Structure formats: C-alpha cells, structure tokens
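Scroll down for the structure; my scribbles are underneath it.
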Amino acid sequence: MSDARKELPKGYEPENVEARWRAFWEENKSFSPNAEALTPQGAYSIVIPPPNVTGNLHMGHALNLTLQDVLCRHARQLGKQVLWVPGEDHAGIATQNVVERRLKEEGKSRHDLGREAFIERVWAWKEEYGDNIRRQIKAMGASVDWSRERFTLDEGLSRAVRKVFVQLYNEGLIYKGLYIVNWCNRCHTALADDEVEHAPQKTRLWLINYPLEDGSASLTIATTRPETMFGDSAVAVHPEDERYKAFIGKKVRLPLTDRLIPVIADAYVDREFGTGALKVTPAHDHNDWHLGRKHNLECIQVIDDDGRMNGKAGAFVGLPKEEAREKTAAALEEQGFLKATQDYENSVGHCYRCHTIVEPHMSVQWFVSVKPLAEAARAAVPEKMRIVPESWTKTYYNWMDGIRDWCISRQIWWGHRIPAWTCDSCGKLVVQEEAPDICPHCKSTTLTQDPDVLDTWFSSALWPFSTMGWPDETSELKRFYPTSVLVTAFDILFFWVARMMMMGLHFMKEVPFRDCYIHALVRDAQGKKMSKSTGNVINPLDMIDRYGTDSLRFTLTAFAAMGRDIRLSEERIEGYRHFMNKIWNASRFALMNLDEQAPAPLDLGAVSGPHHRWILHRLEALKAEQKAAIAEYRFNDAAQTLYKFVWNEFCDWYLELIKPDMQAGGARKAAAQYVLWTVLREALILLHPIIPFITSEVWAALPGTEHESNLAAMPFPPARDTSAYMDDAARMEMVQAAIVAVRTIRAELNIAPSLKLALIIRPADEAARAAIEEQREAIMVLARLESLIIDASAEAPRVCASDVAGGNEIIVPLSGAVDFAAEVARLDKELLKMDKERAMLSGKLANENYVQKAPQDVVARDRARVAELGDAEKKLQALRERFRQGLQE
RNA sequence: GGGUGGUUAGCUCAGUUGGUAGAGCAUCGGCCUUACAAGCCGAGGGCCGGGGGUUCGAGCCCCUCACCACCCACCA
C-alpha cells in the first residue's frame with residue numbers, strides 16, 4: 001500500500017481496511033500466475049466449486065472459500081505457483097425457475113416468450129445479477145484469479161461439453177432410450193436419481209378387490225395410489241404363496257374398466273406386505289417398470305407430464321392426480337370394490353429444487369452408461385486420488401458400486417443444448433459437435449435439434465479441465481492439471497466429485513485432483529441444517545458487517561476439523577473478534593516502541609536475554625506446526641496454535657517482558673526492538689492465510705516494509721536453528737512459574753495488586769539462582785515487587801505466605817495481621833494434591849512389570865517427578881509447620 | 001434393511017503413533033498495572049455414555065449394550 005501509515009487508529013475498523021486491500025490485490029493482479037513461467041517449488045491449483053449464479057453466499061460457501069484461500073495463500077508463501085480458478089454454475093433448473101418466477105409476476109410464462117426470447121431473458125438476468133455472487137466471493141477475501149474466471153455456459157465450456165457428449169456417444173457410452181424417470185411436474189423435466197430427496201408422508205393404504213374373470217373369486221391388492229389403476233397391466237403374486245397359487249395364469253377384471261389383466265408370479269413380491277398381491281403399473285412406478293420389462297407387460301400411461309389424468313383414466317380425465325386418487329377411491333367404494341383402507345406412512349420423492357412430489361414417468365431420455373466410467377473412477381482411489389478424511393473413501397466406493405445409468409437430459413430451456421439432430425426426412429439421428437447443414441444419410445437439409453438440454457452436473461463434471469481451456473492443449477492444462485486438491489462438503493460427493501473423477505479419467509487420462517478434502521457442513525447452534533424455511537440462517541455478509549471478514553474466517557478455520565459438522569453461532573464469531581482486537585493492539589504497542597526506520601539487524605544467535613531466546617524458540621515451534629497442520633488439512637490445529645502463540649505467549653508474556661528493556665534504552669532496547677520486530681513480522685506472515693486483511697494492514701504500517709508492502713507476496717519465513725535456545729526456554733519457564741506462584745498467593749490472600757511486595761526466593765540450586773538473578777527485573781515488574789532477595793539461606797520471616805514453584809521456594813513476607821488458619825488450609829490443599837500425584841506415581845514405580853516393560857524414558861520421567869514432588873512437599877511441610885505454630889500462639 | 005459419525009468440564013468441542021485429560025464461552029474472586037475492560041491477574045469444575053476384554057498402563061485398541069445425528073436403498 002503506497003500510503004503506509006505509521007500509526008494505527010485505536011480500534012480496528014474492518015470495513016475501510018478490507019475495501020482498500022481488496023482493491024489493492026485486484027489492481028496488482030496479485031493472484032494471476034503466469035502459466036508459462038516455471039518455479040522450482042512447482043505448481044498448486046484449485047478450481048472453485050462453482051456456486052450457482054442464482055446463489056447467495058451462505059455459510060457453507062464462506063467455509064469452503066476460507067479453507068481454499070488458506071491453502072492457496074499458504075502455498076504461495078511456500079513459493080509455489082498458485083492458480084485458483086473462480087467461476088459460476090449456470091444451474092439449469094434453479095436459474096430457469098428464478099426467471100420464470102419473474103415472468104409470472106408480469107403475468108407471462110416462458111411459452112409466451114418462446115425458447116429463444118426466454119433464453120435471452122435468462123442471459124440478461126445473469127448479466128444483471130450474476131455479479132452478486134462474484135462480489136460476495138470477493139468480500140470473503142478469496143485470492144482467486146479473476147482473469148481466468150469461467151461460467152459453465154460460456155463458449156469455451158460449451159465446446160468442451162459438445163466434444164465430450166459426441167465422443168461418449170460414439171464410444172457407445174451415451175444412449176437414448178425409453179425409460180421410467182423421476183419427473184417433476186412443476187419443473188417439467190426429468191431428474192437424476194440423486195436429485196430426488198425422500199421424505200416420509202402420512203397417507204393411506206387402499207385394499208381393492210380385483211374380481212376374477214369368471215367372477216368366482218377376487219384378489220385383493222394393496223396400493224397407496226389407486227388412481228394409477230387405470231394403467232395396471234397385471235397383478236403379481238409370489239410364486240410360492242399358497243393363498244394365490246390357484247390364481248396364477250388366470251385373468252382378473254380391472255375395476256371401473258372392462259379390461260382383463262393377467263395374474264403373474266414373481267419372487268420380487270413380498271408376501272408379508274399388504275395383501276401379498278401387487279398391482280403392476282409399469283408406466284408409473286420404478287419397480288413395476290422393471291417387472292413389466294421382465295414379463296413383457298404393456299405400459300399404459302395414465303398421468304400426463306403435468307400431473308393430470310389423461311384420457312385413459314376414464315371419467316377422471318383432466319383431474320390432478322391427487323384429486324383423482326380420492327375420486328377413484330370413492331368410485332371403487334361406491335361400486336363395492338374397496339375392501340378397506342388403512343393409515344399408512346411411506347416415503348415419497350421430492351424435487352430437490354422445488355420440492356414438488358416427483359412422479360415416476362415414462363419417457364424417452366438420454367443416458368450415460370456409467371458402469372465402465374465408474375469402475376475407473378473407483379480404482380483410482382486411493383492411489384491416484386486421496387480422500388481426506390479417509391473415512392469417506394468407503395462411502396465413495398459404496399456409491400460407485402451401486403451406481404445406475406445417469407439420466408442426463410432435462411426438458412428445460414436453460415442449459416447446454418444436446419448436440420443431436422433428427423432428420424425430418426429419414427428420421428435418423430445425427431450426433432456431432434456442430435449443427436449439420438445436411439443429413440449424412442439422406443442428404444436432406446431439414447434437421448431438427450433435440451429440444452432437451454443437459455443436466456447441469458454434466459458440464460460441472462468437466463470443470464477441472466474445461467476451465468483450463470480443454471480441448472485445446474493450453475499451458476494452463478500442462479501446468480495446473482491435475483489440480484492439487486478439491487475442497488468441498490460431502491453433500492455433493494456424488495453429484496459432483498464422483499462425476500468429475502469419471503470424466504477427468506476418461507478424457508484427460510488423469511484424475512482431476514490429487515486430494516479431495518471433505519469439510520464440514522455448517523449447521524446452526526442446535527445442529528440443524530441452516531435453511532431459509534427454518535429461519536436459522538446466519539448470513540455471512542451480516543457477520544462480515546458486524547465483526548469483519550477476518551473474524552468470520554478465523555472462526556470457520558478454527559472449527560473446520562471438528563468432525564462432520566460445525567455448529568455455528570454468532571457468539572463464536574464475536575469471540576474471535578476479540579482475537580483480532582488483540583492482534584491489533586499488540587501491533588499498536590509494537591509500533592509505539594519501534595522507530596521510524598526498521599531496527600538495525602542483529603545476530604539473533606548472539607542475542608542475550610532468555611525472554612528473547614525463549615520467544616524465538618517458541619516461534620520456530622509454531623512455524624513447524626503451522627506448516628505440518630496445513631499440509632495435513634488440520635485447519636483447526638493451525639488456527640489454535642496461532643491463537644495460543646499470539647495471545648498466551650507473545651502478548652501475555654513477551655510483550656510484558658520487554659517493557660523494562662524498552663525503558664532501559666541503549667543496546668537492551670535495540671535488541672528488544674529487533675526481536676520484537678522480527679517475531680511480529682513472522683507472526684503476521686503465519687496469520688495471513690487465515691486473516692489476510694488485518695495482517696496486511698498491520699504489515700504495511702510496520703517500519704521496513706516500504707518496498708515489500710504486499711504481505712500476500714511475502715514468503716514463508718525460513719526456519720531458524722534455535723536448538724541452542726532450549727536451555728534458555730526452560731529457564732524462562734521456571735521464572736514464569738515463580739511469577740505465577742506470587743500472583744496466586746496475592747490473589748488467594750486478597751492482596752491488592754497495587755501493594756508492592758518484598759519477595760524472597762530460595763533457589764533450588766546454583767543454576768536456578770543464576771537464572772532467577774538474570775531475570776530479576778522481569779520478576780520485579782511482573783510480580784509487582786518492591787524488593788527481591790534471591791538467597792538459598794535467607795531467613796523466612798515469621799509472618800509470610802509461601803509456595804514451591806519449579807523447586808524454588810517462594811516466600812512472601814506479610815505485614816499486619818495474617819489469617820494463619822487460611823494459610824495452613826491453603827498449604828494443606830496443595831500438599832494433598834501433591835501427595836495424591838506422588839502416591840499414584842510411586843504405585844506405578846512399585847510395579848515391577850511397569851518398570852520392566854515401559855519405555856525407559858517414561859520410567860525415568862516418573863522417577864524424576866517423584867523426586868521433585870518429594871522435595872517440594874518437604875519444603876511446603878516446613879512452611880506449613882511455621883504457620884501452625886503461628887496459629888497456636 | 002445396509003452404512004457412517006457421535007456420546008469428554010454447565011455449554012460448544014479439541015485430544016496427532018496407548019503413558020490416567022485441554023481450549024473457548026459460561027461461573028466465582030481481585031484489578032482501569034500508560035497496547036488492549038473487546039482487557040489483565042487468579043480460582044473452581046470431569047469415575048472421558050454403560051458393561052466386558054487386551055495391556056505394566058486405555059479417552060485412545062477389541063467386543064457388547066444404550067442413546068443421538070446423518071447417509072444410501074426400499075417402501076404395493
């Protein structure tokens with residue numbers, strides 16, 4: 001940022017800051033890699049799961065985008081060439097629905113406009129509102145390459161779709177056939193099996209008598225759909241069913257009609273269910289369809305594609321099927337065919353887009369013969385494509401094993417038109433990429449294109465390579481395919497992931513992604529799925545307005561790996577905003593203590609001061625953990641580790657410890673400035689992938705960043721060898737324990753923090769004495785002391801409070817009245833705790849099996865701890881004894 | 001019917017090769033200690049769902065039961 005300001009305002013104001021950095025990244029094309037250039041660290045690529053153009057950013061997107069952004073920004077820091085392709089999905093049915101709804105408000109239907117005008121209308125809508133979701137992706141701070149943005153219906157992708165369709169057709173993997181499909185009466189289209197959602201419904205079971213041809217007896221069938229009886233072409237019973245053996249091969253008269261239908265036998269029939277006799281309606285039930293094929297039954301369609309009864313339904317023609325159901329049942333009852341009705345609950349399919357009840361419907365559709373494709377896609381896991389977490393692998397296998405042919409034609413207008421033409425003269429089918437001028441069979445020039453469009457997921461399945469320019473051999477494909485990882489929620493594992501695998505392997509001869517990371521579903525605080533109808537939606541944009549994008553991103557990252565779903569509530573986001581505030585204020589403190597210029601570099605290996613060496617050592621541990629966590633998709637670990645370092649180590653201890661250095665001036669101050677500057681810089685780099693905005697803002701304000709003001713372009717800080725600092729770190733921790741001990745005494749005895757204490761520390765040994773002496777000043781400040789005696793032989797005054805920390809005796813002389821009884825009780829409590837632990841460990845060590853079989857270092861550690869506890873207990877007991885005497889006086 | 005995940009502090013959840021448990025929020029007490037009250041310092045709180053097994057040792061591995069979610073298939 002050009003106008004790097006050296007002073008940060010008192011509070012962090014996300015709104016301004018975020019807008020500026022978004023603009024900065026965009027203007028600088030920070031995230032557009034050069035596909036021609038080679039980098040030694042290699043390439044890293046992700047294609048965004050394209051949100052629907054009709055869509056609005058929801059929490060699922062927010063999580064999905066955040067995790068991908070963390071991966072991409074981190075990969076850039078590691079020096080990789082990163083491509084993150086953005087784009088949107090044309091979302092056939094969903095988008096068409098939106099525009100149709102608008103037309104309806106104008107009192108029109110799509111048929112009033114006609115196909116071409118309607119599609120123009122949808123494009124116009126897309127131009128006007130498509131920017132909505134794009135703006136929302138930008139709001140999240142996603143570091144995508146907008147110069148490579150794609151839309152599943154743009155020209156390049158359409159070309160890819162046509163090529164794939166034609167090739168699969170020529171290979172015999174796409175066919176056209178009569179089949180029973182899931183039909184949505186409202187959307188007027190076929191749906192794939194997985195686009196149908198099942199939900200229980202309360203209904204009735206009607207028991208209906210079908211009399212034998214000769215009237216000698218009747219067969220009672222059970223159905224939930226009496227209105228489909230006009231399409232019955234048989235009654236089926238189990239071949240072994242003694243009740244009905246005599247009926248097999250005979251004919252029954254279909255009530256309300258004069259048709260005779262055969263009684264057939266098939267083991268498919270469940271003898272236990274209903275009456276054990278099943279009416280077979282091949283045109284209106286999936287299982288009946290298969291039965292009908294097997295037994296060569298007639299398919300009689302009685303419900304039209306708008307859900308109304310047709311001419312075959314006699315008196316009920318024109319009625320909606322639900323109404324016909326009641327009327328048919330009434331007629332049956334009237335004429336004495338209805339034997340009984342029972343209450344019944346079954347499950348019924350609904351359209352996943354509009355939730356209308358789906359009707360099994362017989363029609364001519366296009367199918368992909370998926371078996372061969374699925375086999376290859378199955379075999380590629382896990383060797384070529386790894387699913388993370390691995391537990392999803394089995395689900396993937398199960399689905400691939402049970403897969404059925406995929407119905408890809410949709411009877412809507414918005415989508416990829418099927419590249420198939422029928423010759424008006426000879427009636428033959430022509431399948432090719434471009435519209436034919438002439439029929440290759442009969443040379444006629446009048447051909448009609450198939451009116452259907454392709455399932456949206458057909459084009460989505462090509463997304464990883466179609467976005468990179470396939471079928472051209474582009475440098476993007478060469479450099480960035482296969483992509484590194486696909487990040488998505490499990491709910492589209494089948495819709496999308498499995499199909500990308502099939503298409504990628506078939507057309508690119510290579511998996512579309514090396515890893516597939518399945519993240520959680522975002523739910524509400526009660527664990528319910530967020531949905532508009534439930535009214536429990538937390539809108540990410542509201543959260544961004546209220547708490548800033550970084551707070552939202554950090555929250556989502558911190559909860560990312562906590563199982564299969566995230567229960568999100570506003571309080572959590574609010575909680576992490578406190579962390580942003582902490583970072584902001586710590587940075588302000590740093591800026592107050594740094595000069596205009598970057599501090600003069602020091603040899604960090606020679607920096608004295610255990611606190612510096614301790615924090616540098618902790619920083620190295622953080623760097624290592626951060627790298628490992630992100631590499632393994634342990635996003636929550638990465639976030640938690642950063643949180644703890646920044647708050648509990650850097651802020652709570654280090655910043656307090658350098659305050660005396662800053663006041664001292666001279667070389668001490670210079671050293672503290674340099675270490676502070678170094679640690680803060682590196683911490684900002686580590687935080688940046690998760691919270692890019694606030695870190696960029698702070699970074700630009702730091703001295704020494706004038707020529708590298710774009711934090712997003714900074715490399716991951718190289719590792720520093722701090723193994724020599726181990727001892728310093730341990731000594732620092734001992735001093736911290738002493739300070740905490742004093743604070744605890746102060747708190748428990750209700751000594752005002754404003755009262756400065758005179759402290760005596762009796763060090764455990766000479767090394768401890770030296771370490772404490774070295775940190776004398778820090779202890780004085782942090783424990784709020786007026787004097788400090790460090791002496792193993794110092795006399796404890798009669799009136800005092802005490803503790804043992806890290807082997808050192810902490811003695812706080814007290815003036816005035818002391819509650820001896822309270823102090824004895826306090827020490828007793830502590831002794832009891834120690835005693836319990838020591839007893840447990842001693843017990844273990846007394847067990848010969850343990851000493852023999854457990855690893856030596858574990859045993860040694862226990863022994864050391866027992867000795868330490870024994871020592872501490874002895875010292876505490878002596879102190880306790882003094883109080884007891886005081887008590888008696 | 002088939003499968004998956006879960007059951008750990010009041011709440012929401014971590015717990016990476018087995019070494020008897022952690023965080024945030026909430027609660028309680030004390031502090032405006034000049035970066036931060038959106039803060040600081042301290043405290044309390046858990047037979048890790050029940051039962052059994054393997055092991056010197058189990059929140060973690062095996063068996064079993066219970067309850068809660070979810071997914072797939074079927075539902076005349």
Side-chain angles (χ1 to χ4, degrees), chain A residues 8 10-12 193-194 198 200 205-207 221-225 228 235-236 268-270 273-281 285-288 344-348 389 391-392 394-395 398-399 402 490-491 493-494 521 523 525 527-529 547 558-559 561-569 571-572 574-593 625 628-629 632 634 636-637 640 643-644 648 651-652 655-656 659 739-740 743-748 750-754 781-782 784 840 844 847-855 857-859 861-862:
Chain A
L8 297 174
K10 193 146 196 274
Y12 174 54
D193 289 341
D194 50 17
H198 293 270
L205 204 54
W206 284 268
L207 305 185
I221 58 93
T223 182
T224 53
R225 303 200 53 193
T228 63
V235 172
Y268 161 76
V269 177
D270 179 356
F273 190 91
T275 60
L278 165 71
K279 76 186 206 44
V280 184
T281 323
D285 183 276
H286 289 99
N287 293 302
D288 292 8
Y344 184 63
E345 186 175 307
N346 68 351
S347 135
V348 68
S391 54
W392 286 105
K394 203 171 167 185
T395 310
N398 286 345
W399 192 75
F490 74 88
D491 55 349
L493 190 64
F494 308 134
L521 232 46
R523 297 171 181 279
K528 292 209 188 82
K529 208 166 172 172
Y547 308 107
F559 284 95
M562 291 167 87
R564 283 198 175 185
D565 44 17
I566 297 177
R567 294 186 182 204
L568 190 75
S569 64
E571 290 74 51
R572 302 193 170 181
E574 194 181 352
Y576 279 112
R577 179 182 55 170
H578 298 176
F579 183 50
M580 302 307 122
N581 192 246
K582 193 72 181 173
I583 293 170
W584 186 256
N585 280 302
S587 304
R588 287 179 58 229
F589 173 80
L591 283 170
M592 282 170 51
N593 285 285
E625 168 59 13
E632 294 161 29
R634 289 185 286 115
N636 59 328
D637 284 345
Q640 287 305 326
Y643 184 96
K644 282 182 187 159
N648 303 125
C651 291
D652 287 351
L655 294 187
E656 296 303 326
K659 281 178 181 173
I739 293 168
V740 169
R743 286 171 175 170
T744 305
I745 289 171
R746 197 191 271 279
E748 292 193 344
N750 261 323
I751 301 167
S754 52
V781 173
L782 295 185
R784 305 190 67 76
M840 187 268 290
K844 260 167 87 173
N847 182 338
E848 268 185 46
N849 274 323
Y850 171 67
V851 178
Q852 264 172 26
K853 295 185 184 171
D857 57 320
V858 174
V859 176
R861 202 184 54 209
D862 284 353

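Values reported hereafter were calculated over all heavy atoms of this structure, with side chains retained and with hydrogens, waters and symmetry mates removed. None of these values were measured; they are calculated from a predicted model. Numbered from 1 within each chain, the chains take letters A, B, ... in sequence-line order.
Contact annotation for A/Met580: no contact, since no heavy-atom pair falls under 4.0 Å across all strands. Residue A/Lys279 is out of contact with every strand shown, counting any heavy-atom pair closer than 4.0 Å. Residue A/Asn593 is out of contact with every strand shown, counting any heavy-atom pair closer than 4.0 Å. When heavy atoms are screened at a 4.0 angstrom cut-off, A/Arg225 is found touching no nucleic acid atom at all. Across all strands, A/Val740 comes closer than 4.0 Å only to sugar-phosphate atoms, never to a base (heavy-atom distances). Nucleic acid contact for A/Ile751: none, since no nucleic acid atom lies under 4.0 Å from a heavy atom of the residue. Among the protein residues, A/Asn750 comes within range of the sugar-phosphate backbone only, with heavy atoms under 4.0 Å from sugar or phosphate atoms but none that close to a base. A/Glu748 comes within contact range of the sugar-phosphate backbone alone, with a heavy-atom separation under 4.0 Å but no base atom that close. Residue A/Phe579 is out of contact with every strand shown, counting any heavy-atom pair closer than 4.0 Å.
Among B/U12, B/A38, B/G19, the nucleotide with an atom closest to any side-chain atom of A/Asn581 is B/A38. In the set B/A35, B/G24, B/C40, the nucleotide with an atom closest to the side chain of A/Phe589 is B/A35. Checking B/G19, B/A23, B/C36 against every side-chain atom of A/Tyr850, the shortest atom distance belongs to B/G19. Of the listed nucleotides (B/C36, B/G19, B/G5), B/G19 has the atom at the smallest distance from the side chain of A/Arg861. Checking B/U33, B/C40, B/U12 against the side-chain heavy atoms of A/Lys582 singles out B/C40 as nearest. Distance from the side chain of A/Gln640 is smallest to B/A23 among B/G19, B/A23, B/G42. The side chain of A/Pro753 lies closest to B/G30 when the candidates are B/C36, B/G19, B/G30. Comparing B/U33, B/G19, B/A35 by their nearest atom to the side chain of A/Pro855 picks out B/G19.
Distances shown here put a side-chain N or O of A/His578 below 4.0 Å from the OP1 or OP2 atom of B/G39. Listed pair A/Lys659 / B/U33 fails the phosphate criterion, with no side-chain N or O lying under 4.0 Å from OP1 or OP2. The shortest distance between the side-chain N/O atoms of A/Arg577 and the OP1/OP2 oxygens of B/A38 is not below 4.0 Å.
Put simply, CH2 on A/Trp399 is 14 Å from C1' on B/A73, counting in whole angstrom units. Distance CZ (A/Arg784) to P (B/C31): 13 Å, rounded to an integer number of Å. In this structure, the CD atom of A/Glu574 is 13 Å from the C1' atom of B/G24, given to the nearest Å. One can place CG of A/Asn847 at 15 Å from C1' of B/U20, the figure rounded to the nearest angstrom. Going from atom CZ of A/Arg743 over to atom C1' of B/U33 covers 10 Å, rounded to whole Å. Atom-to-atom, CG of A/Asn585 to P of B/C32 comes out at 20 Å; the value is rounded to the nearest Å. Here the C1' atom of nucleotide B/C56 and the CG atom of A/Asp862 are 12 Å apart, to the nearest Å. At whole-Å resolution of the value, CZ in A/Phe490 and C1' in B/U4 are 10 Å apart.
In this model, a side-chain donor or acceptor of A/Glu656 finds a partner on the base of B/A35 within 3.5 Å.
The same atom, C1', is picked in B/C28 and in B/C65; the two are 40 Å apart, to the nearest Å. The separation of B/C60 from B/G5, taken at their P atoms, amounts to 16 Å, rounded to a whole angstrom. Using atom P as the reference point in both B/A26 and B/A66, the two lie 39 Å apart (nearest Å). Here the separation of B/G6 from B/A38, taken at their P atoms, is 38 Å to the nearest Å. Atom name C1', nucleotides B/U20 and B/G57: the rounded distance is 9 Å, in whole Å. Using atom P as the reference point in both B/C36 and B/C41, the two lie 14 Å apart (nearest Å). The same atom, C1', is picked in B/U7 and in B/G49; the two are 5 Å apart, to the nearest Å. If you take atom C1' in B/A9 and the same atom in B/G51, they sit 24 Å apart, rounded to whole Å.
Atom CZ of A/Phe579 is separated from atom NZ of A/Lys582 by 10.0 Å, given to the nearest 0.5 angstrom.
The partner of B/G45 cannot be assigned: no Watson-Crick or G-U wobble pair with both contacts below 3.5 Å exists in any strand. Base-pair partner of B/U55: not found among the strands shown (Watson-Crick or G-U wobble, both distances under 3.5 Å). Figure legend. B/A23 is base-paired to B/U12; pairs are counted as Watson-Crick or G-U wobble with both atom distances under 3.5 Å. Pair assignment for B/A69 gives B/U4, based on Watson-Crick or G-U wobble hydrogen-bonding distances that are each under 3.5 Å. Applying the Watson-Crick and G-U wobble criteria (two distances, each under 3.5 Å), B/A38 pairs with nothing in any strand.
Where A/Gly575 and A/Lys394 meet RNA chain B, the nucleotide closest to each residue was compared, and A/Lys394 sits on the side nearer the 5' end. For the pair A/Lys644 and A/Glu625, both in contact range of RNA chain B, the more 5′-proximal nearest nucleotide belongs to A/Glu625.
A salt bridge does not link A/Lys853 to A/Glu848: none of the charged side-chain nitrogens sits closer than 4.0 Å to a carboxylate oxygen.
Residues A/Thr281 and A/Lys279 form a side-chain contact, since some pair of their non-hydrogen atoms from C-beta on lies under 4.5 Å apart. By the 4.5 Å heavy-atom criterion applied to side chains, A/Lys844 and A/Asp862 are counted as neighbours. In this structure the side chain of A/Arg743 never reaches within 4.5 angstrom of the side chain of A/Arg784, judged on heavy atoms.
Shortest non-hydrogen contact noted between A/Val859 and A/Ala854 is CG2-CB, 4.0 Å.
A/Asn648 and A/Tyr643 are not linked by any side-chain donor-acceptor pair at a separation below 3.5 angstrom, with hydrogens and angles left out of the test.
A/Asn593 contributes a side-chain N or O that, together with a main-chain N or O of A/Phe589, makes up a donor-acceptor pair within less than 3.5 Å.
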